[in-house]
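For this chain, numbers begin at 1 and follow the sequence in order.
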Amino acid sequence: MNNLSYNWMPADWLQLSPFVQHYSCFDREIPIYMPYMDGKAVIRKYENNGNHHRTQIGLSLTAYFIERNLQVQLAPSQMFYRSTGYYNLSYNPFIFTGAVTYYLRNFYFSGYYELQNRTLWTNSGTIFKDKSQVHIVAGWNKSDLNICIGILNTFRKSWIASTTTFDTPVYSQSSINYGTSTHCNLIISATYTFGYGKKVSRNNEVAEQSVESTAILK
């Protein structure tokens with residue numbers, strides 16, 4: 001995998017980080033389906049066939065307002081998938097994550113959004129899609145104690161977490177995966193950090209969230 005990024009601070013309240021990532025897998029091992037018994041059945045075998053290329057071009061942006069008490073993080077990016085050989089297709093989904101955090105003395109309030117994740121698997125023509133995520137969190141932090149309460153995906157009643165689909169000249173498949181990760185959830189947590197050894201600077205942990213590539217609060 002090749003990575004290229006650049007950090008630029010045009011002002012003390014703004015940080016921009018454009019980045020490019022590329023990954024290639026050559027002569028990969030994939031499942032191949034062939035008709036059997038005059039098309040009444042299908043045989044699957046594995047062989048080395050075709051290449052897989054994945055490129056991501058994006059921007060990570062962090063901005064501070066109201067004496068740095070308000071922090072905004074955005075990370076849009078464009079994916080470019082290219083598969084050759086038996087699974088000959090291109091897939092170019094858009095990816096976006098964003099978060100807003102406001103600090104009021106020892107309290108903080110945060111909102112997070114992640115667009116539906118869509119990927120093309122490396123070892124087949126399978127397209128994976130999950131659900132978008134919306135998180136709203138409020139908390140209180142002082143020294144080593146952190147208490148927070150939040151609600152995730154407020155209006156989502158469905159238990160469908162993701163889907164996968166793929167097509168071949170002789171066989172197609174779709175599946176639905178159920179789970180709790182994208183359903184409406186209420187979270188309540190209280191954490192206390194015990195420190196020992198050499199003292200290090202601990203400040204503003206909630207804000208130290210990476211938005212490069214795909215995620216912010218996960």
Side-chain angles (χ1 to χ4, degrees), residues 1 21 23 25 28-34 40-46 50 52-56 58 73-83 86-101 109-139 146-191 206 209-218:
M1 176 179 287
Q21 297 180 347
Y23 170 81
C25 180
R28 59 193 171 162
E29 184 181 55
I30 61 172
I32 290 180
Y33 298 84
M34 299 179 300
K40 296 179 181 179
V42 174
I43 294 178
R44 182 180 65 185
K45 70 173 184 176
Y46 286 85
H52 175 91
H53 306 283
R54 180 177 73 241
T55 302
Q56 182 179 11
Q73 295 175 292
L74 305 175
S77 64
Q78 179 67 48
M79 299 295 303
F80 300 93
Y81 293 95
R82 180 72 181 109
S83 177
Y86 184 74
Y87 297 101
N88 183 24
L89 72 156
S90 298
Y91 190 56
N92 306 316
F94 177 74
I95 295 176
F96 176 80
T97 56
V100 177
T101 304
F109 308 89
S110 181
Y112 167 76
Y113 174 76
E114 180 180 352
L115 187 65
Q116 177 191 42
N117 184 32
R118 292 155 291 170
T119 61
L120 174 63
W121 286 5
T122 304
N123 60 345
S124 71
T126 301
I127 293 177
F128 170 87
K129 298 180 181 180
D130 66 4
K131 298 291 185 178
S132 60
Q133 297 275 357
V134 179
H135 301 177
I136 300 175
V137 178
N146 189 332
I147 299 173
C148 77
I149 182 171
I151 186 167
L152 318 181
N153 306 313
T154 310
F155 303 106
R156 183 169 295 148
K157 298 180 180 179
S158 172
W159 294 97
I160 297 176
S162 62
T163 62
T164 57
T165 59
F166 80 95
D167 295 300
T168 74
V170 299
Y171 177 75
S172 299
Q173 176 179 301
S174 297
S175 63
I176 298 176
N177 308 303
Y178 294 87
T180 60
S181 61
T182 59
H183 191 268
C184 179
N185 283 281
L186 178 67
I187 59 171
I188 301 175
S189 70
T191 59
V206 176
Q209 307 159 28
S210 171
V211 296
E212 286 197 20
S213 301
T214 57
I216 298 174
L217 293 175
K218 285 188 174 180

So, Ser174 and Thr165: side-chain donor and acceptor under 3.5 Å apart, yes or no? no
With sequence neighbours left out, the residues meeting side chain to side chain donor-acceptor pair (under 3.5 Å) with Arg28 are Ser83
Strictly distance-based, threshold 3.5 Å: is any side-chain N or O of Asn117 a donor or acceptor partner for the main-chain N or O of Asp130? no
Trace of the side chain to side chain contact (heavy atoms under 4.5 Å, CB included) decision for Tyr81 with His52: CA-CA 8 Å; Tyr81 293 95; His52 175 91; 4.0 Å; yes
On a heavy-atom basis, the closest approach of Ser124 and Leu120 is O-CD1, 4.1 Å
Using side-chain heavy atoms (C-beta onward) and a distance below 4.5 Å, is Ser132 in contact with Arg156? yes
Under 4.5 Å between any side-chain heavy atoms of Tyr91 and Ile127, yes or no? yes
Once rounded to the nearest 0.5 Å, what's the spacing between atom CG of Asn92 and atom CE of Met79? 9.5 Å
Shortest non-hydrogen contact between Leu74 and Gly98, atoms and distance: CD2-CA, 4.1 Å
Approximate separation, where rounding is to 0.5 Å, of His53 NE2 and Phe80 CZ: 14.5 Å
Taking atom types as modelled, find out whether Thr97 and Glu114 have a side-chain donor-acceptor pair closer than 3.5 angstrom. no
Are Ser175 and Phe128 packed together at the side-chain level, in the sense that at least one heavy-atom pair is separated by less than 4.5 angstrom? no
Just by distance, no angles: are the side chains of Arg82 and Thr55 close enough, under 3.5 Å, to form a donor-acceptor pair? no
Could you work out, with side chain to side chain donor-acceptor pair (under 3.5 Å) as the rule, every residue matching Ser158, not counting sequence neighbours? none
Heavy-atom donor-acceptor pair, Gln133 side chain to Leu115 backbone, under 3.5 Å: no
Does Phe166 reach the side chain of Tyr171, with side-chain heavy atoms less than 4.5 Å apart? yes
Mind listing the closest non-hydrogen atom pair of Ser110 and Thr101 along with its distance? OG-OG1, 3.2 Å
Spacing of His135 atom NE2 and Asn153 atom CG [to the nearest 0.5 Å]: 5.5 Å
What's the separation between atom CZ in Arg54 and atom OG1 in Thr119, rounded to the nearest 0.5 Å? 9.0 Å
Rounded to the nearest 0.5 Å, the CD1 atom of Ile151 sits from the CD1 atom of Ile188 at a distance of 10.5 Å
Can you list the steps and then say if Gln56 with Ser77 is a side-chain hydrogen bond (donor to acceptor under 3.5 Å, both in side chains)? CA-CA 7 Å; Gln56 182 179 11; Ser77 64; 3.0 Å; yes
Between Tyr86 and Tyr33 (side chain of the first, backbone of the second, donor and acceptor by atom type, cut-off under 3.5 Å), is there such a pair? yes
Do Val170 and Met34 touch side chain to side chain, with heavy atoms closer than 4.5 Å? no
Test Thr126 against Thr164 for side-chain hydrogen bond (donor to acceptor under 3.5 Å, both in side chains), laying out the working first. CA-CA 6 Å; Thr126 301; Thr164 57; over 6 Å; no
Qualifying residues under salt bridge (charged side-chain N to carboxylate O under 4.0 Å, His left out), relative to Lys157, sequence neighbours excluded: none
About how many Å separate OG1 of Thr168 and OH of Tyr87, when rounded to the nearest 0.5 Å? 6.0 Å
Would you find a donor on one side and an acceptor on the other, under 3.5 Å apart, between the side chain of Arg118 and the backbone of Phe94? yes
All side chain to side chain donor-acceptor pair (under 3.5 Å) counterparts of Thr122, not counting sequence neighbours: none
For Tyr23 and Gln21, does a side-chain donor sit closer than 3.5 Å to a side-chain acceptor? no
Write out all pairs satisfying side chain to side chain donor-acceptor pair (under 3.5 Å) with one or both partners inside residues 176-191, taking only residues at least two apart or from two chains. Ser162-Asn177
Polar side chain donor-acceptor pair, Glu29 to Asn123, under 3.5 angstrom: no
Specify whether Tyr113 and Phe96 have parallel, tilted or perpendicular ring planes, treating 30° as the upper limit for parallel and 60° as the lower limit for perpendicular. tilted
I'd like to check the side chain to side chain donor-acceptor pair (under 3.5 Å) partners of Arg44; sequence neighbours left out, ordered by chain and number. none
